[in-house]
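Step one of this worksheet: look at the structure below.
Here is the naming used below: chain letters follow the sequence lines, and residue numbers restart at 1 for every chain.
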Amino acid sequence: AQSVTQPDARVTVSEGASLQLRCKYSYSATPYLFWYVQYPRQGLQLLLKYYSGDPVVQGVNSFEAEFSKSNSSFHLQKASVHWSDSAVYFCALSPSGGSNAKLTFGKGTKLSVKS
Amino acid sequence: VTLLEQNPRWRLVPRGQAVNLRCILKNSQYPWMSWYQQDLQKQLQWLFTLRSPGDKEVKSLPGADYLATRVTDTELRLQVANMSQGRTLYCTCSGLGGVTGQLYFGEGSKLTVL
């Protein structure tokens, strides 16, 4: 069975600072990995996804993530955060070769950006 | 562009009463429709994926019982019963591209137990 762990339930950073949100996964092979963002009272929106190839993937709003097979990690990063980035961020995986309709999610990290 | 329309968006549910949720797909290029639940601690959990009209599935989880039905190519329903704790149900859709597709979420139906 697969699992996703986001070790930080809450992260607070100052506007303009850099950001890293951590994600670790457990799966027997290389999974497909995703980061989603949830703004208050909204559904989830895809930030970026990793299927194969270059371990650094670029996403929307200048977010990027780096896949590490040796560390079983897929950390999300941003060089300079804005107050509008305040939201809950979810890391998710699906088994490679499986349906993309069924994702396993981490518990989310709530990001607060101080102005 | 909104791909999914969920209703109701909010509902107060008397304890012991069932509630019916509806999800309408606006673009037939994403025919794989699913339900996810999000509990009060924000944990998301996949419930069902139904592809064809007439498909039905049931599931019992801690805190609620579910019956999902694919009514038509564009409509998915969910009956929630025996709910003991509030939760939000999200409808999703994804494309025929399979693993290279993207999962799209509706805006959710938030249920509160009275």
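In terms of hydrophobic clustering, with Ile, Leu, Val, Met, Phe, Trp and Tyr side chains grouped at heavy-atom distances under 4.5 Å, Y51(A) and L103(B) are assigned to a common cluster. Note on V88(A) and F74(A): separate hydrophobic clusters, where clusters join Ile, Leu, Val, Met, Phe, Trp and Tyr whose side-chain heavy atoms are under 4.5 Å apart, directly or indirectly. W10(B) and L111(B) fall into different hydrophobic clusters, where Ile, Leu, Val, Met, Phe, Trp and Tyr are joined by side-chain heavy atoms under 4.5 Å apart, directly or via other members. Note: the hydrophobic cluster containing V37(A) also contains L93(A) (ILVMFWY, side chain heavy atoms under 4.5 Å, direct or indirect links).
A 6.0 Å sphere centred on NZ of K59(B) holds more than 12 heavy atoms belonging to other residues, nucleotides or ligands. R9(B) CZ: more than 12 foreign heavy atoms inside a 6.0 Å radius.
Looking only at side-chain heavy atoms (C-beta outward), T92(B) and L103(A) stay at 4.5 Å or farther from each other. At a threshold of 4.5 Å between non-hydrogen side-chain atoms, the residues L44(A) and Y36(B) do not count as touching. Considering only heavy atoms from C-beta on, K110(A) stays 4.5 Å or farther from K42(B) through its side chain.
Rounding to the nearest 0.5 angstrom, the gap separating the OH atom in Y36(A) from the CG atom in L44(B) is 10.5 Å.
In this structure a side-chain-to-backbone donor-acceptor pair under 3.5 Å is missing from Q43(B) to G108(A).
Proximity to chain B is absent for every atom of Q45(A), based on heavy atoms less than 4.5 angstrom apart. In this structure, the portion of Q38(B) lying under 4.5 Å from any heavy atom of chain A is its side chain and not its backbone.
Pairing each heavy atom of A101(A) with each of T49(B), the nearest pair is CB-OG1, 3.7 Å.
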